[in-house]
There are 2 protein chains.
Amino acid sequence: MHDERSKEETWVADEEERVNCDHRARSALESSAAPASVERAAAIFRALGDPARLMLMARLARAEACVSELAAESGDGLSTISQRLRLLRAERLVLRRRDGKHIYYRLADQHVAELISNGLEHADE
Amino acid sequence: MHDERSKEETWVADEEERVNCDHRARSALESSAAPASVERAAAIFRALGDPARLMLMARLARAEACVSELAAESGDGLSTISQRLRLLRAERLVLRRRDGKHIYYRLADQHVAELISNGLEHADE
DNA sequence: TGTTCAGTTGAATAAGCTGTGAAATGAGAG
DNA sequence: CTCTCATTTCACAGCTTATTCAACTGAACA
């Protein structure tokens with residue numbers, strides 16, 4: 001307990017700070033977002049909000065893989081991985097296909113990949 | 001309990017699916033992300049993973065506001081809003097400044113705004 | 001049909017969160 | 001210095017979530 005209230009960031013209240021920042025990424029923020037969208041978006045964020053799950057997603061972003069591969073790579077149990085994937089699948093963030101005895105998972109779409117990428121980028125700065 | 005294992009999405013295993021999707025957003029995903037980055041990114045996602053908090057962030061994305069305004073607008077108690085902001089601030093997603101008796105909050109940076117925007121966009125599709 | 005291999009699901013326990021009222025801060029006004 | 005207003009912190013009850021073991025499903029194949 002020592003951080004969290006460090007620098008107060010005075011952000012010069014009179015500089016007008018170009019509030020209408022034209023960087024884009026305003027589209028969804030300009031007007032009050034629909035409650036349903038917020039719910040859904042929060043659900044997506046929550047699903048990505050666990051280190052183990054996010055790691056899994058980052059791994060899948062690199063290439064599809066089956067449960068046993070993922071379990072072996074991460075060192076976690078099959079059941080554990082399966083449960084994580086279950087949750088991610090429930091949020092429709094991953095898709096799966098069966099190939100013989102194995103079931104391969106991959107990210108649901110490229111948009112998801114971007115979201116993860118953005119998060120990871122923002123993380124180390 | 002009825003959804004979650006609906007369509008199996010066969011994703012045509014032989015179409016090769018242009019795996020090297022050139023949409024960008026690969027940067028952070030190409031190689032195994034650093035554990036620290038994953039932790040941090042997950043923490044950010046987790047912070048945004050609560051409807052009430054995300055709503056708050058979406059609100060702040062529109063314009064800065066002080067606690068009482070936010071409380072009045074959302075209908076929640078002061079204490080509740082304050083706690084939400086505390087968590088968001090602990091993750092450095094919002095900044096605050098004091099002006100007389102009030103304390104104004106706003107998003108920490110434009111990158112955060114983008115993240116939220118992306119999430120909301122992905123939400124309704 | 002029966003066996004095996006790959007994954008899934010259920011249940012239980014443990015750990016972590018969130019909202020909330022009451023008490024505490026802290027800057028300005030008198 | 002004291003009072004007050006805006007906001008924060010504390011502490012806790014109540015709810016959600018993650019992991020794990022064991023039991024189960026369901027292809028493949030002999």
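Every chain is numbered from 1, with letters handed out A, B, ... down the list of sequences.
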- Message: Nearest whole Å is fine: how far is C/dG7 P from A/Arg97 CZ?
- Response: 12 Å
- Note on the structure: From the candidates C/dG7, D/dT20, C/dT18, the one with an atom nearest any side-chain atom of A/Ser82 is C/dG7
- Does A/Arg98 make a side-chain N or O approach to OP1 or OP2 of D/dA27 shorter than 4.0 Å? no
- A/Phe45 and B/Phe45 aromatic ring geometry - parallel, tilted or perpendicular at 30°/60° bounds: parallel
- Query: In residues 34-46 of chain A, which residues come under 4.0 Å of DNA chain C by heavy atom?
  - Reply: none
- Can you tell me the distance, in whole Å, between the CG atom of B/Asp99 and the C1' atom of D/dC5? 14 Å
- Which nucleotide in the set C/dG7, D/dT19, D/dT7 lies at the smallest distance from any side-chain heavy atom of B/Cys66? D/dT7
- Intermediate values then yes/no, side-chain contact (heavy atoms from CB on, under 4.5 Å), A/Ile81 and A/Leu85: CA-CA 6 Å; A/Ile81 297 294; A/Leu85 289 168; 3.8 Å; yes
- Query: B/Glu69 has an atom CD; how far is it from atom C1' of D/dC5, in whole Å?
  - Reply: 15 Å
- Message: Which residue is it: A/Leu60, A/Leu93, A/Ile44? I am looking for the one with a side-chain contact (heavy atoms from CB on, under 4.5 Å) to A/Val112.
- Response: A/Leu93
- Query: Do A/Glu30 and B/Arg62 touch side chain to side chain, with heavy atoms closer than 4.5 Å?
  - Reply: no
- Atom CG of A/Asp76 to atom C1' of D/dT19: distance rounded to whole Å? 9 Å
- Item | Distance in angstrom units between B/Arg96 CZ and D/dT9 P, rounded | 7 Å
- Contact class for B/Leu78 (heavy atom, under 4.0 Å): base, sugar-phosphate, or nothing? base
- Item | A/Arg53 vs B/His102, nearer the 5' end of DNA chain D by closest nucleotide | B/His102
- Task: Rounded to the nearest angstrom, tell me the gap between atom CZ in B/Arg86 and atom C1' in C/dT20.
- Result: 14 Å
- Item | B/Ser68, nearest nucleotide to its side chain (from C/dG7, D/dT7, D/dA18) | D/dT7
- Query: Can you check the A/Lys101 NZ to D/dA28 C1' distance for me, whole Å?
  - Reply: 6 Å
- Item | Whole-Å gap separating P (C/dA12) and CD (A/Gln83) | 15 Å
- Would you mind checking if B/Arg59 and B/Glu73 are paired as a salt bridge, meaning a charged N to carboxylate O distance below 4.0 Å? yes
- Task: Check each of B/Arg86, B/Arg53, B/Arg46, B/Arg40 against B/Glu91 using the side chain to side chain donor-acceptor pair (under 3.5 Å) test, and report the only one that passes.
- Result: B/Arg40
- Query: Just how far is it from atom NE2 of B/His122 to atom OG of A/Ser37, taken to the nearest 0.5 Å?
  - Reply: 12.0 Å
- Query: Which residue, A/Asp109, A/Leu56, A/Leu88, forms the side-chain contact (heavy atoms from CB on, under 4.5 Å) with A/Val94?
  - Reply: A/Leu88
- Message: Using only modelled atom types and a 3.5 angstrom limit, is any donor from either the side chain of B/Ser79 or the base of D/dT9 paired with an acceptor on the other?
- Response: yes
- side-chain N/O B/Thr80 vs C/dG19 OP1/OP2, d < 4.0 Å: no
- Query: So, is A/Tyr105 close to the C/dA6 phosphate, meaning a side-chain N or O under 4.0 Å from OP1 or OP2?
  - Reply: no
- Message: By nearest heavy atom, map A/Gly77 and B/Ile103 onto DNA chain D; which one lands nearer the 5' end?
- Response: B/Ile103
